[in-house]
2 protein chains.
Amino acid sequence: MLRSIQFLGSYSGFLFHRLKLHGNHYRLSFITTSTTTRCFRQFRASSIRSESNPDVTSSSSSSAPATSRSIGSARKINFCQSCGGPTKHEIPDGDEKERAICTLCGKIAYENPKMVVGCLIEHDNKILLCKRKIQPSYGLWTLPAGYMEIGESATEGAIRETWEEAGAKVKVISPFAQLDIPLIGQTYLIFLAKLMTPHFSPGPESSECKLFALDDIPYESLSFSSMLITLKLYIEDIKVGKPKFHYGLINKWPGTSPSEIHAYTFDYHLRT
Amino acid sequence: MLRSIQFLGSYSGFLFHRLKLHGNHYRLSFITTSTTTRCFRQFRASSIRSESNPDVTSSSSSSAPATSRSIGSARKINFCQSCGGPTKHEIPDGDEKERAICTLCGKIAYENPKMVVGCLIEHDNKILLCKRKIQPSYGLWTLPAGYMEIGESATEGAIRETWEEAGAKVKVISPFAQLDIPLIGQTYLIFLAKLMTPHFSPGPESSECKLFALDDIPYESLSFSSMLITLKLYIEDIKVGKPKFHYGLINKWPGTSPSEIHAYTFDYHLRT
């Protein structure tokens, strides 16, 4: 199940960034050209909903620029999961980032981004979408996707989520897109897949599942910008040949707040 | 920094699996052919060290087959990070997996796989490796890699880790490999990269950094099987053309224990 996603915003190709490293610190700089990457036509997101991740976004700075978009969720960890001791929030020896450290047993609570895995299912030149019956984005269309679980691979997670949300048995064909959303600590991994049988039906989290011709995709009623970007990339690829693998960074524009849901850039787009 | 990785084992192409879904349960089945995936020559891992992840492996079943390789780490969560309340371990309503649920505030402690990000740095037909000065795998060679942090993208994490471990400023060229290791809840994302300047020097976690010609890669002294597989995939690609993007699942053979570090398969290999 997909319990969360975060705001996304407008899309811009031709914008790449890289880290410049200065001692123990790093900052982002933006460049406008790259001989080794390729980007694609600019498009704008529309009707993309703002969503909140209860684990993450409440600690996000509403005005944090891209240069300091660490979400600092360690401050939300008040107790040790192992022994129940209260935590202190310090930079451990040899580390560079503040962590929640147990004052009783000394255990450090590391936090890491979560992976959202899903399937872009091709069938008879159509794409399978699910209408969400849960919040966030109730009533809007999405690719079947959700959090990857401990003990499964990304493909297994994508297949499981597709079964849970669309009642569809699928075969994964190839990895299609990895889309990082650093502000909320999420990474999307979307696989191209095919129906193993031509059957599907909405699971408990979906009110409807439907195959859409590429010209009929409901862009104005998609649930998440990550899904919009995935579908746009797919259609761009189909127009010129066969799908490639895409890596990209969904990043809000510097100075914009998370509530400005259309103000995002799609940066560092790499294709393989 | 790379605080953990887990045992890996032998490598086998031509082995794929897929999920078969039965109501609320799923199981793995293995198939031997695929018209839509390509695999490559079999090779064997050797001299790959056993490593432990303090967060994960202690709860792994030593004899769990691939069909039930969930590591069940929820049982290690005894207290709520938010309120400090004791947890109970139950399957929440609408869920299918046991979780640690706070008995005071009701918060569910979800656990998800961690992403390890790193760089395969090409320079003058050589590859940059680091000799580890920390455990696990002290004294063995690795690509610079480590856990992706909240607030950064995979590429930013890979660049940061390369700076921290090899003192090298790099430019990411393309995504190269995603390697899932479900048993320990890790996913590797390795990017091809180039040195921005021809300088590098070992960071605090490395005793040495060195460029290796492809024929001189120290396969018998590599630190992790994920690194061995990454390098083998790269060299396979270089031999026949240019690097592709690889997805694969590092999986132990059914019936083998985590201590059997050479008994792994590299399954579900997809190239894009």
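Throughout, protein chains are lettered first and strands after them, A, B, ... in sequence-line order, and every chain is numbered starting at 1.
Residue A/Pro204 does not touch chain B at all, counting heavy-atom pairs closer than 4.5 Å. With a 4.5 angstrom heavy-atom cutoff, A/Leu189 touches chain B only via side-chain atoms.
One finds the OG1 atom of A/Thr272 at 9.5 Å from the NE2 atom of B/His246 (value rounded to the nearest 0.5 Å). Note that CD of A/Glu111 is 6.5 Å distant from CD of B/Gln81, once rounded to the nearest 0.5 Å. The distance from atom CD1 of B/Ile250 to atom OG of A/Ser153, rounded to the nearest 0.5 Å, is 11.5 Å. Atom CZ of residue B/Phe79 and atom OG of residue A/Ser82 lie 9.0 Å apart, to the nearest 0.5 angstrom. For the atom pair NZ (A/Lys244) and CZ (B/Phe245), the distance works out to 14.5 Å, reported to the nearest 0.5 Å.
In this structure a side-chain-to-backbone donor-acceptor pair under 3.5 Å is missing from B/Asn78 to A/Cys83. Under the 3.5 Å distance criterion, the side-chain polar atoms of B/Asn112 are matched with a main-chain donor or acceptor of A/Met148.
For the pair B/Lys97 and A/Glu164, the salt-bridge criterion is not met [side-chain N within less than 4.0 Å of a carboxylate O].
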Can I get a per-line list of side-chain donor-acceptor pairs under 3.5 Å for residues 173-184 of chain A, giving both atom names and the distance, sequence neighbours left out?
residue: A/Gln178; atom: NE2; partner: A/Asp180; partner atom: OD1; Å: 3.0
residue: A/Asp180; atom: OD1; partner: A/Thr187; partner atom: OG1; Å: 2.7
residue: A/Asp180; atom: OD2; partner: A/Tyr247; partner atom: OH; Å: 2.4
residue: A/Asp180; atom: OD2; partner: B/Ala154; partner atom: N; Å: 2.7

